[in-house]
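Below you'll find the structure, written out as structure tokens, and then a few comments.
Lettering follows sequence order; numbering is per chain, from 1. Basis for what follows: all heavy atoms, side chains included, without hydrogens, waters or symmetry-related copies.
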Number of protein chains: 2
Amino acid sequence: MGASKTDHFTDRQNEIATLAKAIGHPARVAIIEYLLKTDKCICGDIVNELPLAQATVSQHLKELKQAGFIKGNTEGNAICYCINEKTIETLQNYFGNIFTKLEKKNNYC
Amino acid sequence: MGASKTDHFTDRQNEIATLAKAIGHPARVAIIEYLLKTDKCICGDIVNELPLAQATVSQHLKELKQAGFIKGNTEGNAICYCINEKTIETLQNYFGNIFTKLEKKNNYC
DNA sequence: CTTAAATATCGTAATATTGCAATATTAAAA
DNA sequence: TTTTAATATTGCAATATTACGATATTTAAG
């Protein structure tokens, strides 16, 4: 290839790309949405909700966690996952800021 | 593998994942940010701005366009690209909605 | 300590992404 | 029409992602 040349872009650009990539899969969108609508957020529940094997769900959870999208807390022999509000806020602000700038700008083509 | 089982998720989940994936690369974040700060949005300018070959930039532009992130308009033998506000709005609303729901919810772990 | 339940990691096959040189296409200008 | 400039597409090698069974780890209970 073609390794992704992350070192040529700004930290901010890499940060946004990493976050976006983390939810750039329907299973991970589904996980976020499931965590949003439930208070009990044990992995076992998610495995039952999704059409994927336990190992696969665990991997997706790992990626979401590494990107900072979710936090995990061991509770007995289960794990309670929850959404990291800061990350959601970061993305909301990022797109909100772009939208605001677009409104103040010539943006047609 | 493992083909991505997009058919097991909702249309909305697939839509969000597709959009997120489209900016899930620093080069594409950089392209969006460049389009945001300039009025002249010719591809040649972008090639000069980014540390990537012309072919690579063209591919990234194609992906952004396919996902609905940008629109393109031929102007002579150049092309004017601009950001699709609707897509930005979609993402802003998506994350804004999650953030609002999180505030009204027990979200610790 | 042993067992059982929950979650994580490993190994691996299938597929997708990334990057670029080379080449093709497109559109204006000469 | 030929040339020139701008952008797109093709072909291909390197790498990353995705999925899952099998296995390992972790934690609580017995």
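- The salt bridge (Lys or Arg N to Asp or Glu O under 4.0 Å) search around A:E63 returns A:R28, not counting sequence neighbours.
- With rounding to whole Å, B:F9 atom CZ is found 11 Å from D:dT18 atom C1'.
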Report, one line per pair, each donor and acceptor closer than 3.5 Å where one atom sits in a side chain of residues 94-102 of chain A; sequence neighbours left out.
residue	atom	partner	partner atom	Å
A:Y94	OH	B:E33	OE2	2.7
A:N97	OD1	A:K101	NZ	3.3
A:T100	OG1	A:G96	O	2.9

Query raised in the report: If the sugar-phosphate is the primed atoms plus P, OP1 and OP2 and the base is the rest, what is the B/S/- string for nucleotides 22-30 of chain C, using protein heavy atoms under 4.0 Å?
Result: B----SS--
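- Base pairing in DNA chain C yields stems of at least 3 consecutive Watson-Crick or G-U pairs, both distances under 3.5 Å, namely C:1-30 with D:1-30.
- A:E63 places its CD atom 9 Å from the P atom of D:dA19, with the value rounded to the nearest Å.
- Rounded to whole angstrom, the span from the CG atom of A:L50 across to the P atom of D:dT18 amounts to 14 Å.
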**Report entry** B:L52 vs B:H60, side chain to side chain contact (heavy atoms under 4.5 Å, CB included): CA-CA, chis, key distance, verdict
**Finding:** CA-CA 10 Å; B:L52 297 169; B:H60 282 306; 4.1 Å; yes
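- Applying the side chain to side chain contact (heavy atoms under 4.5 Å, CB included) rule to A:A22 yields the partners A:A67, A:F69; only residues at least two apart in sequence or on another chain are considered.
- Atom CD1 of A:I70 is separated from atom C1' of C:dA8 by 13 Å (rounded to the nearest Å).
- Sequence neighbours left out, not one pair with a member in residues 72-83 of chain A passes salt bridge (Lys or Arg N to Asp or Glu O under 4.0 Å).
- Rounded to an integer number of Å, the gap from CD1 of A:I31 to C1' of D:dA19 is 13 Å.
- A close approach under 4.0 Å does not occur between any side-chain nitrogen or oxygen of A:T56 and OP1 or OP2 of D:dA19.
- Annotation: side chain to side chain contact (heavy atoms under 4.5 Å, CB included) contacts of A:K65 (sequence neighbours excluded): A:I70, A:Y81.
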Going by atom type alone, with no hydrogens or angles, which donor-acceptor pairs under 3.5 Å involve a side-chain atom of residues 82-91 of chain A and a protein atom two or more places apart or on another chain?
residue	atom	partner	partner atom	Å
A:N84	OD1	A:K86	N	3.1
A:N84	ND2	A:G68	O	3.1
A:E85	OE2	B:N107	ND2	3.3
A:T87	OG1	A:G68	O	2.5
A:T90	OG1	A:K86	O	2.9

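- The side chain of B:K21 places an N or O atom within less than 4.0 Å of a non-bridging phosphate oxygen (OP1 or OP2) of C:dT17.
- Taking atom CG on A:L52 and atom C1' on D:dT17, their separation rounds to 14 Å, with Å as the unit.
- Under the salt bridge (Lys or Arg N to Asp or Glu O under 4.0 Å) criterion, A:E15 pairs with A:R12, sequence neighbours left out.
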